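Predicted model only: the values in this text are computed from it and were never measured.
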Amino acid sequence: MLSIIIPCFNEEKVIFENINKILSWSNEQKFESELLLINNASTDKTLQEMDKFNKQSNVKILNEKRKGKGFAVKKGLMNSKFTKAVILDADLSASINELNNNWLERDNLLIIGSRPLGNEINTPKIRKLSGYILNYLIRKIFKLNFRDTQCGFKYLSTKNRGEIAEQITCGGFLYDLDLILNCLRLGIIVQEEPVKYNFNRDSSVSLLKDPLIMLKDIYILNKKYK
């Protein structure tokens, strides 16, 4: 009854170990789950590491040639078989253990993991500052009260996941904001919950180029949801 969606771009160093962590967690649960691994135009051996699990009945390996986390998440949602899904970063900076099983009993719900409300470990000050500035812009422009829209932990429970996936047009890191705004427009409850977050220094987010792309995406999303 739970789909676990993980977009992967150049994660050969961590993906094998983290897949095993998730499968171990899944085996301890009393409900059925599936793991969807989306290779997002990786140029290293990420796909080869994923393929080591291709005989597992509860593992789906997908390819998304369009580079961008939003495109990978969209593909995962569109290929999931359950109405409940958790979306995680491949480095598990926010672990699958942050999932509260009580959420599984609720429908029409989007949980967004929050680092400011939880415990953020080892994040460099410059990255915290850039995240604060981005969140400030998002709150002011879109009239939102959420303190963290961009954490790599989301839980979505809705029968309309296909429609929601279709409406994700932001292929980059601001897909999170696109997802949140779309859910709000559809009357889905969006709730911010604290998570423990361990910063990974191998993150693929660039402080030099990604902010410019994000500003462009903010402009596009503002026009989309006006």
- Does any N or O in the side chain of E64 come within less than 3.5 Å of the main-chain N or O of A72, such that one atom is a donor and the other an acceptor? no
- Query: With no hydrogens and no angle check, is any side-chain donor or acceptor of Q191 less than 3.5 Å from a backbone partner on L109?
  - Reply: no
- Query: With a 4.5 Å limit on heavy-atom distance, are the side chains of W103 and E193 in contact?
  - Reply: yes
- Query: Ignoring hydrogens and geometry, is there a side-chain-to-backbone donor-acceptor pair from E120 to P116 under 3.5 Å?
  - Reply: no
- Spacing of K30 atom NZ and M1 atom CE [to the nearest 0.5 Å]: 13.5 Å
- Looking at residues at least two apart in the chain, or sitting in another chain, which of them share a side chain to side chain contact (heavy atoms under 4.5 Å, CB included) with Q167? N182, R185
- I121 vs Y197 side-chain heavy atoms within contact, under 4.5 Å: no
- Message: Quick check: is I112 connected to L186 through a chain of hydrophobic side chains (ILVMFWY, heavy atoms under 4.5 Å apart)?
- Response: yes
- Message: Between L92 and V14, is there a side-chain heavy-atom distance shorter than 4.5 Å?
- Response: no
- Salt-bridge contact D176-K154 (side-chain N to carboxylate O under 4.0 Å): yes
- Message: For a 4.5 angstrom cut-off between non-hydrogen side-chain atoms, does F31 reach N101?
- Response: yes
- Message: Treating T46 as the side-chain partner and E12 as the backbone partner, does any N or O pair qualify as donor plus acceptor under 3.5 Å?
- Response: yes
- Can you measure from CD1 (I61) to NZ (K52) and round to the nearest 0.5 angstrom? 11.5 Å
- Which pair of non-hydrogen atoms, one from C8 and one from S42, has the smallest distance, and what is that distance? O-OG, 3.4 Å
- Message: Counting C-beta onward and ignoring hydrogens, is there a side-chain heavy-atom pair between L221 and I141 closer than 4.5 Å?
- Response: no
- Message: If hydrophobic clusters are built by linking Ile, Leu, Val, Met, Phe, Trp and Tyr wherever their side-chain heavy atoms come under 4.5 Å apart, do L36 and M50 end up in the same one?
- Response: no
- Item | Stepwise salt bridge (Lys or Arg N to Asp or Glu O under 4.0 Å) test for K224 and D178 | CA-CA 9 Å; K224 176 180 177 180; D178 198 0; 2.9 Å; yes
- Query: Can you tell which of I164, L179, I189 makes a side-chain contact (heavy atoms from CB on, under 4.5 Å) with L110?
  - Reply: L179
- Would you say the side-chain atoms of E192 pair up with the backbone N or O of D148, donor to acceptor, closer than 3.5 Å? yes
- Hydrophobic cluster membership, L2 vs I5, 4.5 Å side-chain cutoff: no
- Query: Would I4 end up clustered with F9 when hydrophobic side chains under 4.5 Å apart are linked, directly or stepwise?
  - Reply: no
- Quick one: closest heavy-atom pair of N58 and S33, and the distance? CB-O, 3.6 Å
- Linking I/L/V/M/F/W/Y whenever any side-chain heavy atoms sit under 4.5 Å apart, do V190 and V73 land together? yes
- Query: Does the pair I38 and F71 meet the rule for a side chain to side chain contact (heavy atoms under 4.5 Å, CB included), with working shown?
  - Reply: CA-CA 10 Å; I38 303 94; F71 295 133; over 6 Å; no
- Query: Are any of the side-chain heavy atoms of E34 and F82 separated by less than 4.5 Å?
  - Reply: yes
- Item | Exercise: identify the closest heavy-atom pair between C151 and V195 | SG-CG2, 3.9 Å
- Run the side chain to side chain contact (heavy atoms under 4.5 Å, CB included) check on N100 and I111 step by step: do they pass? CA-CA 10 Å; N100 185 333; I111 297 289; over 6 Å; no
- Message: Quick one: does any side-chain atom of S157 pair with a main-chain N or O of R106 as donor and acceptor, under 3.5 Å?
- Response: yes
- Task: Kindly give the heavy-atom pair with the smallest separation between L77 and R161, and that separation in Å.
- Result: O-NE, 3.9 Å
- Between Y175 and D217: side-chain donor-acceptor atoms closer than 3.5 Å: no
- Give a yes or no answer on whether the side chain of K159 reaches the backbone of T83 with a donor-acceptor pair at less than 3.5 Å. no
- Point-to-point distance, once rounded to the nearest 0.5 Å, from OG1 of T123 to CG of N198: 8.5 Å
- Query: Which distance, rounded to the nearest 0.5 Å, do you find between the CG of L88 and the OG of S95?
  - Reply: 7.5 Å
- Query: How close do K74 and E166 get, heavy atom to heavy atom, and via which atoms?
  - Reply: NZ-O, 3.4 Å
- Qualifying residues under side chain to side chain contact (heavy atoms under 4.5 Å, CB included), relative to P124, sequence neighbours excluded: I126, R127, F199, R201
- Query: Stepwise, does the side chain to side chain contact (heavy atoms under 4.5 Å, CB included) test hold for F142 with I180?
  - Reply: CA-CA 11 Å; F142 297 96; I180 290 167; over 6 Å; no
- Query: Counting distance only, does the side-chain N/O of N40 pair as donor-acceptor with the main-chain N or O of G68 below 3.5 Å?
  - Reply: yes
- Query: Crowded around Y219 OH? As in, over 12 foreign heavy atoms under 6.0 Å?
  - Reply: no
- Would you call K69 and D89 a salt bridge, using N to O less than 4.0 angstrom? yes
- Counting N and O atoms only, with roles assigned by atom type, does the side chain of K67 sit under 3.5 Å from a partner on the main chain of A41, one being a donor and the other an acceptor? no
- Shortest non-hydrogen contact from K84 to D107? NZ-OD1, 3.0 Å
- Is I19 close to I6 at the side-chain level, that is, under 4.5 Å between some pair of heavy atoms? no
- pair C170-L177: side-chain heavy atoms closer than 4.5 Å: no
- Item | Rounded distance [0.5 Å steps], CG in L99 versus CD in Q29 | 8.0 Å
- Task: For atom NZ of K216, decide whether the heavy atoms of other residues, nucleotides or ligands shown that lie under 6.0 angstrom number more than 12.
- Result: no
- Message: Other residues, nucleotides and ligands only: do more than 12 of their heavy atoms fall within 6.0 Å of OH on Y132?
- Response: no
- Message: Could you check whether F53 and F16 have their ring centres less than 6.0 Å apart?
- Response: yes
- Message: N135 vs T149, test: side-chain hydrogen bond (donor to acceptor under 3.5 Å, both in side chains). Steps then yes/no.
- Response: CA-CA 7 Å; N135 182 255; T149 60; 4.6 Å; no
- Determine, stepwise, if the pair L174 / I218 fulfils side chain to side chain contact (heavy atoms under 4.5 Å, CB included). CA-CA 8 Å; L174 278 188; I218 284 176; 3.5 Å; yes
- If only atom types and distance count, is the side chain of N18 paired as donor or acceptor with the main-chain N or O of A90 below 3.5 Å? yes
- Could you grab the distance from atom CD1 of I15 to atom CG of L37, nearest 0.5 Å is fine? 6.0 Å
